[in-house]
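Below is one structure; the comments refer to it alone.
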Amino acid sequence: MPIETDQGERWISISGVQFFGGTVYAFRDVTEVRHLEELKADFIATASHELRTPLAAVYGAAQTLLRHDFALDEAGRDRFISLIAEESERLGRIVNEILLANQLEAGRVDLGSEPFDPVELVERVVEAARVHAPAGISLKRRTPEDVPFVSADRDKVRQVLVNLIENAIKYSPDGGRIEVGLESGQGSGEETVVFFVKDQGLGIPDEEQARIFEKFYRLDPQMTRGVGGTGLGLYICSELVNRMGGHIWVESIEGQGSTFLLELPAEPTSAARPSPILARPSEGDPADAQRQ
Ligand code: ADP
């Protein structure tokens, strides 16, 4: 049964065992269990919807090709085949998200830690995102020159950035500017690198800002704005970032956009990255080149 407390509603389960002298009651607070069950039910509904939409598109396109192949010109056929390819890719991504969330929970994800150049990573991620960005979205890069190398799993950091940019696009239904960039930071005395993805989209109310990193949590599960998702993306991002020794958070004003920030440890031995006129460390000491 639900009871009202100063801290809000709690759900209590009560069981009783009768003895000769009376009855012993056990009270158990099942609020968290109930909450998880609700989230799971929401997740099943959203995941089924998310899977059904691309599946219906693939099925429809394949059926059209089978039945009307003769009536379609080459451009028409290409359109349906591209649609099948795109939607199957989307299906694959959703399934991968679900699998990865499961593996993270079971502690079965291995993370590497090779120092890498964050400026180059941001450049690549932004370029790739521009290819798919819808017409109303502009993507800008803000990378200073003097950022140190990052000590983390490059591919996983790329995955997190891609996810944050996808969200920035998804939750800017009226278009706008998205900035992806870097800053040097200082976390508990150690040098760090802060990546950020800033949008001008829907924004997130203060009281929801911590919860969006929870598994399955979505601000708009009924999809009143027509934006779908599994609610796993940010959970995966925060798990990956935490395991790389960093942290992720959001700063946002509802209705005015959000900035997602992720802070990772800098490579301890790396000084500021070399200026463009000097060779990179892997290319040898520039003084050597002069001596030769
Ligand atoms: P999904 O996008 O699949 O729902 P996520 O875990 O990526 O799941 O995000 C959880 C929720 O956080 C989203 O449903 C959305 O409500 C909110 N959210 C995430 N990114 C943004 C953003 N850039 N702007 C506004 N809301 C966001």
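By convention here, the first residue in the shown sequence is residue 1. Order of appearance sets the numbers: ligands from 1, and atoms from 1 within every ligand.
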Closer than 4.0 angstrom, basic N to acidic O: yes or no for [X] and [Y]?
{"X": "K140", "Y": "E179", "answer": "no"}
{"X": "K215", "Y": "E105", "answer": "yes"}
{"X": "R93", "Y": "E50", "answer": "no"}

With atom 8 (O) of ligand 1 as the reference point, say which of S252, G231, S238, G229 has the nearest heavy atom.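 Considering heavy atoms of S252, G231, S238, G229, the nearest to atom 8 (O) of ligand 1 sits in G231.
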
Near [X], which atoms of ligand 1 are under 4.0 Å from a heavy atom of that residue?
{"X": "L219", "answer": "14 (O), 16 (O)"}
{"X": "G233", "answer": "5 (P), 6 (O), 7 (O)"}
{"X": "R218", "answer": "1 (P), 4 (O), 14 (O)"}
{"X": "K170", "answer": "1 (P), 2 (O), 3 (O)"}

With a 3.5 Å distance limit and no angle check, can you tell me whether T5 reaches the backbone of G8 through a side-chain donor-acceptor pair?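 Indeed, once roles are kept as given, a pair shorter than 3.5 Å links the two residues.
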
Which heavy atom of the protein is the closest neighbour of [atom], given with residue, atom name and distance?
{"atom": "atom 5 (P) of ligand 1", "value": "L234 N, 3.6 Å"}
{"atom": "atom 14 (O) of ligand 1", "value": "Y171 OH, 3.2 Å"}
{"atom": "atom 12 (O) of ligand 1", "value": "I212 CG2, 3.3 Å"}
{"atom": "atom 7 (O) of ligand 1", "value": "N167 ND2, 2.9 Å"}

Is the shortest N/O to N/O distance between [X] and ligand 1 below 3.5 Å?
{"X": "Y217", "result": "no"}
{"X": "L202", "result": "no"}
{"X": "D199", "result": "yes"}

Counting only heavy atoms closer than 4.0 Å, does ligand 1 sit against the backbone of L164, its side chain, both, or neither?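 Answer for L164: neither.
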
Under-4.0 Å heavy-atom contact with ligand 1, by part of F260 that carries it: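 F260 to ligand 1: side-chain contact only, backbone stays beyond 4.0 Å.
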
Atom [atom1] of [X] and atom [atom2] of [Y]: how far apart are they, to the nearest 0.5 Å?
{"X": "H49", "Y": "I44", "atom1": "NE2", "atom2": "CD1", "result": "15.5 Å"}
{"X": "L219", "Y": "R211", "atom1": "CG", "atom2": "CZ", "result": "10.0 Å"}
{"X": "F260", "Y": "Q209", "atom1": "CZ", "atom2": "CD", "result": "8.5 Å"}

Is there a heavy atom in I204 that sits closer than 4.0 Å to ligand 1?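 It does, in that a heavy atom of I204 comes within the 4.0 Å cut-off of ligand 1.
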
Check which hydrophobic residues are tied to L261 through side-chain heavy-atom contacts below 4.5 Å, counting indirect links as well, and list them.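 Answer for L261: V194, F196, W249.
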
Donor-acceptor side-chain pairing of T192 and E263 below 3.5 angstrom: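 On atom types as modelled, these side chains qualify, holding a pair under 3.5 Å.
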
So, do D153 and S113 sit near enough that their side-chain heavy atoms are less than 4.5 Å apart?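 Result no, sub-4.5 Å side-chain heavy-atom pair not found.
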
